[in-house]
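First up is the structure itself, then whatever we jot down about it.
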Amino acid sequence: MVLAWAGTSCAQETSAPKPPEQSVPSQSETLNIVGLPCVQPLPMVKLQDYNGPLKKTVGLLAQRLERKSVHPVHYKAGLKLCSLELKDKFFLFVRDAFDPVIFLSSGFSAGISQAENNDPAFGQGAEGYGKRFGASFTDQATSTFFKDFAYPEIFREDPRYYRLIHGSGGKRLVHALEHVVVAHTDNGNRMFNFSEWLGTASAISLSNVYHPGNERGFAPSAEGMGFSVLSDMGYDVLREFWPEIAHKFKLPFRVEPEPKTEEIDLNPPIN
């Protein structure tokens, strides 16, 4: 009986399945899952962030400049600015398109256009001014749509301007002027600024639909593109030097805090 019991026990131990081996993820696999850290972009500038004399007047201009400006990432080696998601680029477009400065410039452009009787099909008087105002506002809104949202999303391009901050004035000036040609990808690398040129061309082509008085052809379109690109270059120069300008003339200016990063343990404990 003892021999029979021993034989039965050995058979049960032999037939019992072994527990599956637990695979331990390697460090490289863990890094692929977690990803590398990045610097979170700062919140959008608000008018309440400015305080001091002429805060409403200067604040409107300053928040338009700062909304698309970011400081270079120099806090830790290897860190990059976190990319804007689809909703962030759309929100940037909405804020830029309905900025009070846009309404003011649209009203000014409509007045000049009416005085020079551009787009004569719009007529004169209040009705003509209203049509010109609507056309001017649409010009700027469509340009912002293509440059801040549509083409940046298609080409994975960051629509913001990266301030150089450090360096001589001449070097910073060149950096600002070259932004219409050299932009940044969503992951922080440099690329050709497709959004600037394709966005400008698309906006000008679309404007011919609702501007009956526009001159058609290559030369007028090239002239319009040149004016738009030069205007964007001027804004980029202001974005680069705005911190110094604001401090020099004691204008309202929000001091940007250092962005926060989430620490990632590159050697997680293995259980």
Side-chain angles (χ1 to χ4, degrees), residues 35-50 58-97 99 101 144-169 171-196 199 231-247 251-262:
L36 294 176
C38 64
V39 178
Q40 288 293 340
L42 292 169
M44 291 292 182
V45 177
K46 299 179 181 179
L47 191 59
Q48 301 91 288
D49 292 329
Y50 297 90
V58 180
L60 290 176
L61 173 63
Q63 67 177 353
R64 179 167 178 80
L65 294 175
E66 286 194 69
R67 191 178 299 126
K68 290 178 64 176
S69 302
V70 291
H71 284 291
V73 180
H74 58 274
Y75 305 100
K76 287 184 180 180
L79 288 182
K80 291 184 177 181
L81 192 72
C82 294
S83 60
L84 295 179
E85 298 179 359
L86 176 66
K87 61 180 180 64
D88 299 318
K89 293 178 181 177
F90 181 77
F91 185 56
L92 181 64
F93 148 65
V94 172
R95 288 290 301 273
D96 267 354
D99 191 285
V101 174
T144 302
F145 171 79
F146 288 124
K147 294 179 182 179
D148 287 2
F149 176 67
Y151 286 118
E153 184 60 26
I154 292 173
F155 293 101
R156 298 294 184 265
E157 182 180 327
D158 193 332
R160 297 169 295 184
Y161 171 77
Y162 283 55
R163 281 176 176 147
L164 185 60
I165 297 296
H166 305 290
S168 63
K171 185 177 180 180
R172 293 174 63 190
L173 178 62
V174 171
H175 173 79
L177 296 177
E178 73 176 8
H179 180 243
V180 296
V181 179
V182 181
H184 287 80
T185 62
D186 282 338
N187 59 12
N189 297 322
R190 292 162 71 86
M191 64 175 290
F192 179 75
N193 197 338
F194 289 102
S195 300
E196 175 68 32
S231 176
D232 288 340
M233 291 172 71
Y235 269 111
D236 288 335
V237 171
L238 278 175
R239 290 187 178 99
E240 176 63 35
F241 293 98
W242 177 249
E244 288 84 355
I245 295 173
H247 291 135
L251 300 175
F253 181 73
R254 187 189 70 179
V255 178
E256 297 184 358
E258 290 195 3
K260 297 179 180 180
T261 58
E262 296 182 358

Taking every non-hydrogen atom, the tightest pair across Met191 and Phe155: CE-O, 4.0 Å
Got a sec, which residues hit side-chain hydrogen bond (donor to acceptor under 3.5 Å, both in side chains) with Glu178, two or more places apart in sequence or on another chain? Arg190
So how far is it from Tyr161 OH to Leu238 CG, rounded to the nearest 0.5 Å? 10.5 Å
State, with a plain yes or no, whether a side-chain heavy atom of Leu86 is found less than 4.5 Å away from one of Phe149. yes
For His175, which residues count as a side-chain hydrogen bond (donor to acceptor under 3.5 Å, both in side chains) partner, sequence neighbours excluded? none
Over all atoms of both residues, closest heavy-atom pair of Leu92 and Pro159: CD2-CG, 3.7 Å
Got a sec, which residues hit salt bridge (charged side-chain N to carboxylate O under 4.0 Å, His left out) with Lys68, two or more places apart in sequence or on another chain? Asp148
Which residues satisfy the ring-ring contact (aromatic ring centres under 6.0 Å, His included) test with Phe146, sequence neighbours excluded? Tyr151
Ser195: side-chain hydrogen bond (donor to acceptor under 3.5 Å, both in side chains) partners, not counting sequence neighbours: Glu157
Near Phe90 CZ, under 6.0 Å, is it more than 12 heavy atoms from other residues, nucleotides or ligands? no
Between Val182 and Asn193, what is the shortest heavy-atom contact and its length? N-CB, 4.2 Å
For Asp236, which residues count as a side-chain hydrogen bond (donor to acceptor under 3.5 Å, both in side chains) partner, sequence neighbours excluded? His179, Arg239
Which heavy-atom pair separates Asp186 from Asp158 by the least distance, and what is that distance? OD1-N, 3.7 Å
If you compare all heavy atoms of Lys89 against all heavy atoms of Pro152, which two are closest, and at what distance to 0.1 Å? NZ-O, 3.1 Å
The side chain to side chain contact (heavy atoms under 4.5 Å, CB included) partners of Val181 (sequence neighbours excluded) come to Phe192
List for me each residue that meets salt bridge (charged side-chain N to carboxylate O under 4.0 Å, His left out) alongside Asp96, sequence neighbours excluded, and say none if there are none. Arg64, Arg67
Between CD on residue Glu240 and CG on residue Leu65, distance to nearest 0.5 Å: 12.0 Å
Does the pair Arg156 and Thr185 meet the rule for a side-chain contact (heavy atoms from CB on, under 4.5 Å), with working shown? CA-CA 6 Å; Arg156 298 294 184 265; Thr185 62; 5.8 Å; no
Reported CH2-to-CD distance for the pair Trp242 and Glu66, which is rounded to 0.5 angstrom: 8.0 Å
Work out which heavy atom in Asp99 is nearest to a heavy atom in Val101; give both atom names and the distance. OD1-N, 2.8 Å
When rounded to the nearest 0.5 angstrom, what is the spacing between CG in Asp88 and CZ in Phe93? 15.0 Å
Set of ring-ring contact (aromatic ring centres under 6.0 Å, His included) partners for Tyr235, sequence neighbours left out: none
